[in-house]
J.: 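Take this structure, written in structure tokens, and hold onto it; I'll ask about it next.
FYI, the numbering just counts along the sequence from 1. Counting convention: from 1, in listed order, for ligands and their atoms alike.
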Amino acid sequence: MSRELVATLEVKRAAFTVAVDIAVPSGGCVALLGPNGSGKSTVLGALAGLVPLTAGAVRVGDRVLDGDAHMPPDRRRVTLLEQKPRLFPHLSVADNIAFGPIAQGTPRREALALAREWLRRIGLSDVGRRRPERLSGGQQQRVAIARALAAEPDVLLLDEPFAALDATSAPIIRRLLADELSRTGTTCVLVTHDLSDAWQWASRCIVLDAGRVVEDAAPAHIVASPATPFSAALAGYSVIHGRWADGTVITDDHVIPGDAGGDVRDGDPVFGAVAPRDVGFGESGVVADRVRAVSVRAGRAYVEGESGLVAEAPVTVDLPTAGQSVWLTPHRMIVRRASVQPRSSESRTA
Ligand SMILES: Nc1ncnc2c1ncn2[C@@H]1O[C@H](COP(=O)(O)OP(=O)(O)OP(=O)(O)O)[C@@H](O)[C@H]1O
């Protein structure tokens with residue numbers, strides 16, 4: 001049975017409009033990324049049937065969820081898992097997990113046996129009779145995952161499911177969810193602010209800005225060659241904004257050489273993406289800068305200039321301090337037009 005998700009969404013929320021096409025192959029995962037307020041949760045709400053479409057259609061396999069008619073959320077076999085577990089407070093943990101199967105017609109005794117099996121799988125066998133309020137946040141999120149998957153949805157929508165978890169719970173829950181998604185072959189859309197999660201889970205990343213798709217590419221492509229300032233910053237590059245002229249990016253204060261694609265013309269607004277490892281610093285160089293901050297991580301130092309450039313260096317060298325003048329030299333800067341249309345060469349499908 002195919003669980004391919006194909007959606008063409010248009011949603012208007014007051015002055016805000018989302019217009020997005022999404023296709024996720026059966027059992028696959030697509031990541032939705034974008035700045036705050038770009039429309040990611042609205043897209044998930046629309047797919048779940050919680051936010052009405054102004055126009056468009058949603059299909060999973062051969063089942064039409066939106067189009068000529070609107071299928072209500074509880075019949076769509078599409079489950080939304082958010083940052084907060086949102087368990088039913090008046091039901092026991094086991095009854096929370098059994099809720100979906102019972103609603104779908106599974107006899108109560110059988111559904112509770114299923115819930116016990118899920119509790120064993122998530123390492124919480126001894127808490128089935130408790131109310132959710134007596135569990136920690138991480139335990140509640142594990143139960144929320146079990147409740148979501150026990151209902152055997154065709155599509156699981158994940159809205160930053162790891163964001164509220166501590167450093168101990170997060171990897172356990174990541175692993176649990178990854179195992180269960182691959183075991184059950186559930187199709188998945190993941191909203192995240194973490195490119196590592198997108199890299200690990202998704203075959204494609206769709207980047208939204210102001211309700212429209214501005215980038216649609218494989219995670220590896222976004223890491224190597226980000227097409228928007230947002231994804232460049234997400235991938236760990238320093239981002240410089242300016243205008244392109246004579247092989248350089250001209251900012252208010254600096255002139256920085258870069259490598260632009262053929263579609264960039266003199267005078268175009270552009271952004272440059274520079275990896276810290278590609279920036280040197282010293283007493284002479286390309287950009288006369290002032291040190292904003294110096295940080296140290298895993299034996300490497302990061303010298304951040306007021307220009308926005310960051311230089312990586314060994315901690316053994318004589319490091320400058322904040323406020324000190326320094327010359328920064330970017331050896332390689334990817335330059336792209338600042339307002340990017342969706343990549344026409346990339347298919348919208350995953
Ligand atoms: N119930 C609502 N009524 C009207 N407008 C709304 C409603 N919910 C969200 N919006 C607007 O829709 C836009 C997109 O919001 P949305 O929550 O989808 O963004 P997001 O990308 O998920 O943001 P974040 O990363 O902060 O969670 C915002 O401008 C927001 O103000």
Side-chain angles (χ1 to χ4, degrees), residues 5 7-24 29-58 65-66 70 72-74 76 78-86 137 140-141 144-145 148 153 155-165 170 173-174 177 187-202 204-217 219 222 226-237 239 338-343 348 350:
L5 167 68
T8 306
L9 307 173
E10 188 189 290
V11 180
K12 285 198 169 67
R13 292 190 119 172
F16 187 80
T17 303
V18 173
V20 170
D21 293 352
I22 292 186
V24 192
C29 182
V30 161
L32 267 188
L33 305 146
N36 291 131
S38 55
K40 304 178 296 296
S41 299
T42 301
V43 168
L44 293 195
L47 294 173
L50 301 167
V51 177
L53 302 189
T54 325
V58 180
L65 311 190
D66 270 302
H70 170 76
D74 56 334
R76 294 166 87 96
V78 174
T79 297
L80 176 61
L81 186 64
E82 296 170 286
Q83 212 179 98
K84 290 198 183 128
R86 296 189 197 284
Q140 287 187 32
Q141 191 66 325
I145 291 170
V155 178
L156 186 61
L157 307 172
L158 301 167
D159 199 348
E160 298 187 60
F162 316 120
L165 300 173
I173 290 181
R174 274 191 174 83
L177 200 46
T187 301
C188 166
V189 181
L190 169 70
V191 164
T192 180
H193 286 287
D194 185 338
L195 196 56
S196 301
D197 276 336
W199 173 277
Q200 202 175 322
W201 293 68
R204 292 193 81 78
C205 293
I206 295 177
V207 182
L208 301 186
D209 192 13
R212 66 187 193 101
V213 177
V214 290
E215 203 166 355
D216 179 349
I222 290 196
T228 61
F230 171 81
S231 53
L234 208 62
Y237 295 90
V239 178
S339 66
V340 178
Q341 298 303 313
R343 293 167 194 269
R348 285 277 189 90

J.: So which protein residues pack against ligand 1 under 4.0 Å, heavy atoms counted?
T.: R13, F16, P35, N36, G37, S38, G39, K40, S41, T42, H193
J.: Within the structure provided, determine whether L177 and L158 are in side-chain contact (heavy-atom separation under 4.5 Å).
T.: yes
J.: Flag the pair H193 / N36 as yes when at least one side-chain heavy-atom distance between them is below 4.5 Å, and no otherwise.
T.: yes
J.: Rounded to the nearest 0.5 Å, how far apart are CG of D159 and CG of L44?
T.: 5.0 Å
J.: Rounded at 0.5 Å granularity, tell me how far CG in L157 sits from CZ in R76.
T.: 9.5 Å
J.: Test L9 against every option in L53, D21, V51, D66 by the side-chain contact (heavy atoms from CB on, under 4.5 Å) rule and name the one that passes.
T.: L53
J.: To the nearest 0.5 Å, what is the distance between CG (L32) and OG (S38)?
T.: 8.5 Å
